[in-house]
A.B. asks: 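So that we are looking at the same thing, I have put the structure below in structure tokens.
Source: prediction; values computed, not measured. Values below: every heavy atom of this structure, side chains too, minus hydrogens, waters and symmetry copies. The first residue of the sequence shown is numbered 1, and numbering continues consecutively from there.
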Amino acid sequence: MARRRQLYEGKAKILFEGPEPGTLVQYFKDDATAFNAQKKGTITGKGVLNNRISEFLMTKLAEINVPTHFIRRLNMREQLIKEVEIIPIEVVVRNIAAGSIAQRLGIPEGTRLPRSIVEYYYKNDQLGDPMVAEEHITAFGWANPPDMDDIVHLTLRINDFLTGLFLGVGITLVDFKLEFGRLFENDEMRIVLADEISPDNCRLWDSKTNEKMDKDRFRRDLGKIEEAYQEVARRLGILPEAGSRDMKGPETMQ
Ligand code: TMP
């Protein structure tokens, strides 16, 4: 494989220059962090599984006309994506109380919320991704009001669709985080879904037992992390053919 220019390295992914202008290669690592990288570890095979799971979910979303940055999967750990200008906001949707909302508002984990709640966090590691209101987002120009209308509209559609999709395979979608970007094409700008959707940024509970099948197993030292990610992929019908033996996947040249 030819050497490629690395553009960005995040906690769980690396972005390389893509083969054509306007494209990037998104490489999924096995590295896991939590609590703003105070906790670090490796989840063997996570990158391979998240690559597949995110491919699957973004493809399904594209089928219902949710625009995404995803173009195609290239190999076990890499996917080709459209280059977008990332909006520096983490959009969190919650259906059931868990994690920070349970702590902040004293709601017992597992309580169904009166309706789905959308929250925003400013993407800034130094500040620990503080929660912000739409007022801050528009006042500081991170996104403008029409961008926010698109983001909320897309987020609620994604939540409805993914809730149903996961329920169909015996998984409750408790909450999840999305990122959006601006795609510039033919003198036009569109807001599209970016980043990834995987057990790293969703809370997924077994519908029958409420067992956690996501990164909370790592955050909270619950064990059986690899097994949980594999089970999500298995239920979605996308476990790589070779199964867990092949989870390490090929290494990329950097
Ligand atoms: P929280 O309850 O810790 O605020 O997390 C809400 C959801 O957002 C949960 O599904 C995990 C996801 N998340 C991320 O993807 N990245 C983050 O940095 C944080 C804090 C949460």
A.B. asks: List the steps, then state whether side-chain contact (heavy atoms from CB on, under 4.5 Å) holds for Tyr121 with Ser100.
C.D. replies: CA-CA 12 Å; Tyr121 295 84; Ser100 69; 3.6 Å; yes

A.B. asks: Hey, does Val174 have a side-chain heavy atom less than 4.5 Å from the side chain of Leu204?
C.D. replies: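 No; the side chains remain at least 4.5 Å from each other.
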
A.B. asks: Distance check, rounded to the nearest 0.5 Å: Phe176 atom CZ versus Phe166 atom CZ?
C.D. replies: 9.0 Å

A.B. asks: Please report the shortest heavy-atom distance between Gly99 and Arg203, naming the atom on each side.
C.D. replies: CA-NH2, 3.4 Å

A.B. asks: Are Leu127 and Tyr122 close enough, and set up right, to give a side-chain contact (heavy atoms from CB on, under 4.5 Å), and what steps lead you there?
C.D. replies: CA-CA 9 Å; Leu127 301 175; Tyr122 177 43; 4.2 Å; yes

A.B. asks: Check whether any side-chain heavy atom of Pro199 lies under 4.5 Å from a side-chain heavy atom of Ile53, and answer yes or no.
C.D. replies: yes

A.B. asks: Any side-chain heavy atom of Val93 sitting closer than 4.5 Å to one from Ile117?
C.D. replies: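 Side-chain contact under 4.5 Å: no.
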
A.B. asks: Is NZ or CZ of Lys39 both nearer than 6.0 Å to the six-membered ring centre of Phe218 and within 45° of the ring axis?
C.D. replies: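 Verdict for Phe218: a cation-pi partner in Lys39.
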
A.B. asks: Are Val92 and Val118 grouped together when hydrophobic residues (ILVMFWY) are joined by side-chain heavy atoms under 4.5 angstrom apart?
C.D. replies: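 Not linked; separate clusters.
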
A.B. asks: Please find the pair of heavy atoms, one from Val192 and one from Val84, that lie closest to each other, and give the distance.
C.D. replies: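 Result for this residue pair: CG2-CG1, 3.7 Å.
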
A.B. asks: Atom CD of Glu90 and atom CZ of Phe180: how far apart are they, to the nearest 0.5 Å?
C.D. replies: 12.0 Å

A.B. asks: Check Met213 against Asp206 and note the closest heavy-atom contact, atom names and distance.
C.D. replies: SD-N, 3.7 Å

A.B. asks: State plainly whether the residues Arg219 and Asp216 are in salt-bridge range, i.e. N to O under 4.0 Å.
C.D. replies: yes

A.B. asks: Looking at Asp31 and Lys46, is any side-chain nitrogen of the basic one under 4.0 Å from a carboxylate oxygen of the acidic one?
C.D. replies: no

A.B. asks: To the nearest 0.5 Å, what is the distance between CE (Met58) and CG (Leu193)?
C.D. replies: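 Here the interatomic distance stands at 4.0 Å.
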
A.B. asks: Using every non-hydrogen atom in the two residues, find where Leu154 and Ile191 come nearest and quote the distance to one decimal.
C.D. replies: CD1-O, 3.9 Å

A.B. asks: Check the pair Thr33, Gln38 against side-chain contact (heavy atoms from CB on, under 4.5 Å), reporting the backbone distance first and the verdict last.
C.D. replies: CA-CA 7 Å; Thr33 64; Gln38 288 174 61; over 6 Å; no

A.B. asks: Atom CG of Leu57 and atom CD1 of Ile197: how far apart are they, to the nearest 0.5 Å?
C.D. replies: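 Answer for the CG-CD1 pair, Leu57 versus Ile197, is 5.5 Å.
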
A.B. asks: Is there side-chain contact between Asn201 and Asp214, with heavy atoms separated by less than 4.5 Å?
C.D. replies: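 No. Closest side-chain heavy atoms not under 4.5 Å.
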
A.B. asks: Check whether any side-chain heavy atom of Tyr8 lies under 4.5 Å from a side-chain heavy atom of Ile14, and answer yes or no.
C.D. replies: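 Side-chain contact under 4.5 Å: no.
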
A.B. asks: Which atom pair, heavy atoms only, marks the closest approach of Ser54 to Asp195?
C.D. replies: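 It is OG-O, 4.5 Å.
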
A.B. asks: What's the spacing between Lys13 NZ and Ile81 CD1 if we round to 0.5 Å?
C.D. replies: 8.5 Å

A.B. asks: Would Glu211 and Arg217 pass as an ion pair if we require N to O under 4.0 Å?
C.D. replies: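 Yes, charged N to carboxylate O under 4.0 Å.
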
A.B. asks: Considering only heavy atoms from C-beta outward, does the side chain of Asn144 approach that of Thr138 to under 4.5 Å?
C.D. replies: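 Heavy-atom side-chain distance check fails, nothing below 4.5 Å.
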
A.B. asks: Would you confirm whether Asn51, through its side chain, and Met76, through its main-chain N or O, come within 3.5 Å as a donor-acceptor pair?
C.D. replies: yes

A.B. asks: Answer yes or no: are there more than 12 heavy-atom neighbours, outside Lys40 itself, under 6.0 Å from its atom NZ?
C.D. replies: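 Count not over threshold, so no.
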
A.B. asks: Against Ser116, only a single residue in Asn95, Thr155, Asp175 fulfils side-chain hydrogen bond (donor to acceptor under 3.5 Å, both in side chains); can you say which?
C.D. replies: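 Among the candidates, only Asn95 passes.
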
A.B. asks: So that I can tick it off, tell me whether Asp150 and Arg190 are bridged by a salt bridge, with the cut-off set at under 4.0 angstrom between side-chain N and carboxylate O.
C.D. replies: no

A.B. asks: Can Phe56 be reached from Val66 by stepping across I, L, V, M, F, W or Y side chains whose heavy atoms are under 4.5 Å apart?
C.D. replies: yes

A.B. asks: Under the ring-ring contact (aromatic ring centres under 6.0 Å, His included) test, which residues partner Phe140, sequence neighbours left out?
C.D. replies: Trp142

A.B. asks: Under a 4.5 Å cut-off applied to non-hydrogen side-chain atoms, are Ile137 and Met148 in contact?
C.D. replies: yes

A.B. asks: Here's a test for you: under side-chain hydrogen bond (donor to acceptor under 3.5 Å, both in side chains), which of Arg73, Gln26, Glu196, Arg52 qualifies with Gln79?
C.D. replies: Gln26

A.B. asks: Within the side chain of Asn50, is there an N or O that forms a donor-acceptor pair under 3.5 Å with the backbone of Gly47?
C.D. replies: no

A.B. asks: CG/Leu173 to CG/Leu165 distance, rounded to the nearest 0.5 angstrom?
C.D. replies: 9.5 Å

A.B. asks: If two hydrophobic side chains count as joined below 4.5 Å and joins carry through other members, does Ile87 share a cluster with Leu156?
C.D. replies: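 In one cluster: yes.
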
A.B. asks: Can you establish whether the number of heavy atoms outside Glu227 located under 6.0 Å from its atom CD is more than 12?
C.D. replies: yes

A.B. asks: Taking side chain as C-beta onward, heavy atoms only, is Ile64 less than 4.5 Å from Leu61?
C.D. replies: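 Of all side-chain heavy-atom pairs linking Leu61 with Ile64, at least one is under 4.5 Å.
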
A.B. asks: Assess whether a salt bridge exists between Asp200 and Lys177, defined as any Lys/Arg side-chain N lying under 4.0 Å from an Asp/Glu carboxylate O.
C.D. replies: no

A.B. asks: Hey, is Glu179 close enough to Lys123 for a salt bridge, meaning N to O under 4.0 Å?
C.D. replies: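 Between Lys123 and Glu179 there is a salt bridge, with a charged N closer than 4.0 Å to a carboxylate O.
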
A.B. asks: Dump the intermediate steps for side-chain contact (heavy atoms from CB on, under 4.5 Å) on Glu9 and Lys29, then the final yes or no.
C.D. replies: CA-CA 10 Å; Glu9 176 155 12; Lys29 302 192 279 187; 2.6 Å; yes

A.B. asks: Do you know which two heavy atoms are closest between Gln6 and Phe16, and how far apart they sit?
C.D. replies: CA-CD2, 3.7 Å

A.B. asks: Taking a hydrophobic cluster as the set of Ile, Leu, Val, Met, Phe, Trp and Tyr residues connected by side-chain heavy atoms closer than 4.5 Å, whether directly or through intermediates, do Met189 and Ile89 fall within one such cluster?
C.D. replies: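 Same cluster.
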
A.B. asks: Does a salt bridge link Arg4 with Glu78, judged by any charged N lying under 4.0 Å from a carboxylate O?
C.D. replies: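 Yes, this pair counts.
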
A.B. asks: Is atom CD of Glu188 surrounded by more than 12 heavy atoms (other residues, nucleotides or ligands) closer than 6.0 Å?
C.D. replies: no

A.B. asks: Under a 4.5 Å side-chain heavy-atom rule over Ile, Leu, Val, Met, Phe, Trp and Tyr, are Leu105 and Leu113 clustered together?
C.D. replies: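 Yes; tracing contacts between hydrophobic side chains, which count when under 4.5 Å, links both residues.
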
A.B. asks: Would you mind listing every salt bridge (Lys or Arg N to Asp or Glu O under 4.0 Å) that reaches into residues 105-122, with sequence neighbours excluded?
C.D. replies: Arg94-Glu119, Arg104-Glu119, Glu109-Lys212, Glu109-Arg220

